[in-house]
Participant: 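For reference, the structure I am asking about is given below.
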Amino acid sequence: MFKRCLFAATILAGALLSVTAESQTADRDKRAIRMSQIGFETHGPKGATLPSSARQPLAWRVLDAAGQTVAQGRSEVFGQDAASGEHVHLVDFSSLRTPGEAYRLVVGDQESRPFVVLDHPHRALQRDALAFFYQNRAGVPILADHVSRPDLARPAGHPRESATCFSGADRFGVVWPGCDYTLDVTGGWYDAGDHGKYVVNGGISVWMLLNAYERALAKGGPGARAFADGTADIPEAGNGVDDLLDEARYELEFLLKMQIPDGVQALVPVGRQSETLTSRDVGGMAHHKVHDAKWTPQPTAPADDRETRLLYPPSTAATLNLAAVTAQCARIWRDIDIDFARRCASASQRAYRAALRNREIYARDAFEGGGGYGDEDLSDEFYWATAELYVSTGADAYLAALKTSPYYLGGPRSGATATGDPSWASVASLGSMSLALVPSSLPETDRATVRGNLAAGALAYVEEGWAAGYRVPFGGVDYPWGSNGAILSRAVVMGLAFDFTGDWVYRNGVIQALDYVLGRNPLDQSFVSGYGARPMDHPHHRFWAKAADPAYPAPPPGVVSGGPNNQAMADDVAKTLAGRCAPQTCWVDDISAYALNEVAINWNAPLVWAAAFVDDH
């Protein structure tokens with residue numbers, strides 16, 4: 001993940017705030033009372049955090065638009081909060097359950113901005129978060145008819161992308177021979193504002209969108225229609241297929257193109273950190289990535305990229321990502337497009353066999369122009385891919401293989417071996433989530449076990465939120481690159497735990513994750529463009545780069561920043577903060593701060609999931 005590139009800025013009114021766009025733009029002052037900047041659910045939790053040195057509770061009250069007190073109480077003194085570096089008070093005003101606009105929270109001598117209480121305050125967010133993917137499509141023009149502002153339209157980037165393999169010496173002097181074929185890899189999503197396309201990050205991002213669909217389908221009711229055909233502003237709207245599936249398919253078609261033809265022999269490194277190339281049958285494997293020979297400068301519109309596009313060596317991790325998501329594809333499209341489902345099923349089984357044949361071909365972070373996405377523990381990828389194939393086929397051989405994995409039926413923090421928090425480098429929990437959610441021939445006792453382990457892991461997240469001054473379900477003081485994405489991925493686990501148990505403590509955890517990302521944090525910052533009084537404006541992105549060049553556009557609404565990072569402060573902006581910021585404050589809204597303010601498909605995908613989940617109740 002330490003790789004990406006450039007986004008830029010917008011000051012768009014949060015569609016759900018009662019104040020006008022003009023007053024939002026003017027309201028750039030940082031407030032002491034920190035809360036979600038887009039409002040609260042009528043019957044959901046409502047909370048705020050106030051930094052204060054007071055050692056005794058403070059009186060608080062909620063005023064309506066007429067200035068009348070409609071709720072009141074006393075704050076809870078939380079005390080010193082390590083992640084924010086502040087002494088804080090907590091205010092819980094969940095007793096307010098009357099929809100309305102222009103409410104204000106007063107705590108001591110501090111007053112919040114006006115806020116709203118609505119039945120569905122996150123409804124617009126799920127659509128804008130999904131629109132991120134259309135606007136980062138490669139291979140096609142982004143049409144003015146399908147974007148929120150004319151300046152976001154652009155010509156197609158890499159419209160006829162035929163690439164061959166990297167040849168020559170890499171950064172460590174290993175000489176690669178190239179290959180005697182080219183692949184048409186047109187399409188897919190640009191990964192993180194740069195012009196690279198990566199199978200491992202594409203894999204988890206597609207899975208997250210498809211899991212949102214499978215979760216809504218399993219639950220039924222209004223959520224199953226959240227992304228019904230015609231609800232998203234994409235060219236495919238009106239084709240009779242759920243728009244979320246249309247967007248996911250755009251990436252799936254690209255991932256299928258990254259699979260190597262059968263019978264290909266290639267020189268590849270076998271084993272960890274190997275610099276010796278060995279001839280292997282790599283047919284059915286997936287190339288790890290396609291990107292430029294050199295980084296493009298900032299800003300650069302995709303259509304203006306003049307660098308040579310190259311395929312980079314296959315990896316077992318990429319191959320298992322392909323196997324997993326095409327297995328997921330096969331079951332979802334079975335009743336929608338049988339031919340596409342069969343293509344996915346065939347590709348999945350080919351990829352899985354190729355990975356079994358080549359278990360230790362690891363990605364090397366040895367090339368210019370793109371990131372590494374290296375991973376030297378592939379046991380979780382094998383578990384995930386096997387689980388998806390089992391759920392899709394019901395074949396006993398896959399179940400037998402699953403039972404040999406230490407991750408079998410594990411949750412992120414529980415089970416025989418914990419699966420770890422979901423991320424591109426830790427995907428075992430994805431396999432457990434599919435086993436728990438999707439109807440299959442899995443024994444009911446095993447299904448109950450995996451659901452229980454997922455709920456136990458989710459409860460650990462919830463408890464971390466209870467122990468945090470800003471109630472974010474993310475404990476400790478280590479905030480990694482993409483911390484917001486990690487928090488939102490935890491929201492996915494908590495959301496599924498709510499579905500499995502009906503316990504609202506899990507749903508409240510999802511709300512608390514969203515509240516943090518949308519403004520309840522020590523920076524009083526909405527990390528989502530276009531949402532709130534202080535939205536993220538200057539993401540690291542090569543096209544949404546108005547901060548770098550006024551000729552380029554600011555970002556659209558619904559783009560989430562990677563967020564605070566005190567673990568890998570790699571860029572020049574972040575380096576100025578190293579050792580000088582509390583963990584949750586190690587962030588700057590700066591287009592050059594790629595370690596802090598990068599955006600990426602694998603972070604926006606759980607934002608879509610979480611916003612759709614909370615809107616479904």
Participant: Classify the ring geometry between Phe367 and Trp176 as parallel (under 30°), tilted (30 to 60°) or perpendicular (over 60°).
Facilitator: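 Answer is tilted, since the angle falls between 30° and 60°.
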
Participant: With a 4.5 Å heavy-atom cut-off, do Val264 and Asp180 have their side chains touching?
Facilitator: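 Result no, sub-4.5 Å side-chain heavy-atom pair not found.
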
Participant: For atom CZ of Arg171, decide whether the heavy atoms of other residues, nucleotides or ligands shown that lie under 6.0 angstrom number more than 12.
Facilitator: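 Enclosed.
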
Participant: Mind checking whether Val241 and Ile336 have side chains closer than 4.5 Å, heavy atoms only?
Facilitator: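 When only atoms from C-beta onward are counted, Ile336 and Val241 do touch, with a gap below 4.5 Å.
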
Participant: Do we see a donor-acceptor contact under 3.5 Å between the side chains of Thr417 and Tyr408?
Facilitator: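 The criterion, which ignores hydrogens and geometry beyond distance, is not satisfied for Tyr408 and Thr417.
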
Participant: Are side-chain N/O atoms of Gln265 and Ser279 paired as donor and acceptor at under 3.5 Å?
Facilitator: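 There is such a pair (donor and acceptor under 3.5 Å, judged by atom type) between the side chains of Gln265 and Ser279.
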
Participant: Could you check whether any side-chain N or O of Asn211 sits under 3.5 Å from a backbone N or O of Val492, counting only pairs where one atom can act as donor and the other as acceptor?
Facilitator: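 Between the backbone of Val492 and the side chain of Asn211 there is no qualifying donor-acceptor contact (under 3.5 Å).
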
Participant: The test is salt bridge (charged side-chain N to carboxylate O under 4.0 Å, His left out); show your working for Glu251 and Lys197 and say whether it passes.
Facilitator: CA-CA 10 Å; Glu251 176 73 359; Lys197 298 185 293 187; over 6 Å; no

Participant: Quick one, Trp207 and Asn321 - any side-chain contact, counting heavy atoms below 4.5 Å?
Facilitator: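 Trp207 does not reach Asn321 side chain to side chain.
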
Participant: For Trp295 and Glu307, does a side-chain donor sit closer than 3.5 Å to a side-chain acceptor?
Facilitator: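 Note: Trp295 and Glu307 side chains miss the donor-acceptor criterion.
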
Participant: So do Asp305 and Arg309 actually touch side chain to side chain, heavy atoms under 4.5 Å?
Facilitator: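 When only atoms from C-beta onward are counted, Asp305 and Arg309 do touch, with a gap below 4.5 Å.
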
Participant: Here's a test for you: under side chain to side chain contact (heavy atoms under 4.5 Å, CB included), which of Val325, Leu430, Ile601 qualifies with Ile204?
Facilitator: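 Going through the options one by one, the only one that passes is Leu430.
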
Participant: May I ask you to decide if Ala428's main-chain N or O and Thr419's side chain share a donor-acceptor pair within less than 3.5 Å?
Facilitator: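 A pair under 3.5 Å: no.
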
Participant: Between Ile487 and Tyr461, does the side chain to side chain contact (heavy atoms under 4.5 Å, CB included) criterion hold? Intermediate values first, please.
Facilitator: CA-CA 9 Å; Ile487 291 164; Tyr461 298 154; over 6 Å; no

Participant: Please work out whether the ring planes of His158 and Tyr190 are parallel, tilted or perpendicular, with thresholds of 30° and 60°.
Facilitator: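 Taking Tyr190 first and then His158, their aromatic rings stand perpendicular (interplane angle over 60°).
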
Participant: Is Gln126 close to Phe227 at the side-chain level, that is, under 4.5 Å between some pair of heavy atoms?
Facilitator: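 Counting from C-beta outward, Phe227 and Gln126 do come under 4.5 Å.
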
Participant: Hey, what's the ring geometry for His287 with Tyr181, parallel, tilted or perpendicular (30° and 60° as the breaks)?
Facilitator: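 Ring orientation, 0 to 90° scale: tilted.
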
Participant: Looking only at atom types and distance, does a side-chain atom of Asp262 sit under 3.5 Å from a main-chain N or O of Gly283, one as donor and one as acceptor?
Facilitator: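 The answer is no, because no donor-acceptor pair under 3.5 Å joins these two groups.
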
Participant: Can a side-chain donor-acceptor contact be found between Asn201 and Tyr373 if the only test is distance below 3.5 angstrom?
Facilitator: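 Distance-only check passes for Tyr373 and Asn201.
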
Participant: Going by heavy atoms in the side chains, are Leu256 and Thr326 under 4.5 Å from each other?
Facilitator: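 Side chain of Leu256 against side chain of Thr326, heavy atoms only: contact under 4.5 Å found.
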
Participant: Does the side chain of Glu275 reach to within under 4.5 Å of the side chain of Arg364, using non-hydrogen atoms?
Facilitator: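 They are in contact (side-chain heavy atoms under 4.5 Å apart), so the answer is yes.
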
